[in-house]
Amino acid sequence: MLVPRVWSSVRLGLSRVLSRTLRGWPSGEGRGMDLSGIYPPVTTPFTATAEVDYGKLEENLHKLGTLPFRGAVGGVCALANVLGSQVCQLERLCLTGQWEDAQKLQHRLIEPNTAVTRRFGIPGLKKTMDWFGYYGGPCRSPLQELSPAQEEALRLDFASNGWL
């Protein structure tokens, strides 16, 4: 596959440049730096209309899935407004290397997260905040409240994963 070879050559090139750059330091510090854990950031691709291009994102993730690394930095943390302790628990599981438990929890969080970000957006997040005892409040223009059918679909996304 092309992707690992490309990044391997990028790391090798960076290592050579840093090695040459650092060679002149009197302490010799920096020689033999291990860049094997450095990978490109995973950015979110957008369409021309400023929507997330989920097809391209999935394609990128499949390519990056061949690289031997684990972890991530950053995120869209809307779900933490309503399932904050569960999102923090996911981080703790990852930090302690409990990958199977982390994966199980993450799979239970995917559908509700998609519901309050991509599928129903801010109106969905506000509605779930109300359900969980927080103040979501009314939507401001131009956003509209969820329809009864949308509200039921949102409720199902949370209930089917054991959150309601």
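Excluded from the calculations below are hydrogen atoms, water molecules and symmetry mates; all remaining heavy atoms, backbone and side chain alike, are included.
- Atom OG1 of residue Thr117 and atom CG of residue Leu79 lie 8.5 Å apart, to the nearest 0.5 angstrom.
- For Asp130 against Gly137, the heavy-atom pair with the smallest separation is OD1-N, 3.7 Å.
- The minimum heavy-atom distance linking Leu154 with Gly124 is given by the pair CD2-O, 3.5 Å.
- Interatomic distance, CD of Glu111 versus CZ of Arg119, reported as 7.5 Å (0.5 Å rounding).
- In this structure, Arg118 CZ and Asn113 CG are separated by 11.5 Å, a value rounded to the nearest 0.5 Å.
- Taking both residues in full, the closest heavy atoms of Arg108 and Trp163 are given as O-NE1, 3.0 Å, listed atom of the first, atom of the second, then distance.
- Under a hydrophobic clustering in which Ile, Leu, Val, Met, Phe, Trp and Tyr are joined whenever their side-chain heavy atoms come within less than 4.5 Å, directly or via other members, Val82 and Ile110 fall into different clusters.
- The nearest pair of heavy atoms linking Glu145 to Gln150 is O-OE1, 4.4 Å.
- Note on Phe132 and Leu156: separate hydrophobic clusters, where clusters join Ile, Leu, Val, Met, Phe, Trp and Tyr whose side-chain heavy atoms are under 4.5 Å apart, directly or indirectly.
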inquiry  = Walk me through whether Val116 and Phe158 qualify under side-chain contact (heavy atoms from CB on, under 4.5 Å).
reply    = CA-CA 10 Å; Val116 297; Phe158 277 80; 3.9 Å; yes
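- Distance CD/Gln103 to CD/Gln98: 13.5 Å, rounded to 0.5 Å.
- Remark: Leu93 CG to Lys104 NZ distance equals 10.5 Å, nearest 0.5 Å.
- More than 12 heavy atoms of other residues, nucleotides or ligands lie within 6.0 Å of CZ in Phe46, so this atom counts as buried by the packing criterion.
- The heavy-atom pair separating Leu105 from Leu90 by the smallest distance is CD2-N, 3.6 Å.
- Considering all non-hydrogen atoms of both residues, Ala153 and Phe120 come closest at CB-CZ, 3.8 Å.
- Between Glu151 and Trp131, the closest side-chain pair of non-hydrogen atoms falls below 4.5 Å.
- In this structure, the separation between CD on Glu152 and OG on Ser147 is 10.5 Å, given to the nearest 0.5 Å.
- Follow the hydrophobic side-chain contacts under 4.5 Å out from Tyr134 and you reach Leu146 in the same cluster.
- Put simply, the side chain of Gln144 does not reach to within 4.5 Å of the side chain of Pro123, judged on heavy atoms.
- By the 6.0 Å contact criterion, CG on Leu143 is enclosed, its count of non-hydrogen atoms from other residues, nucleotides or ligands being greater than 12.
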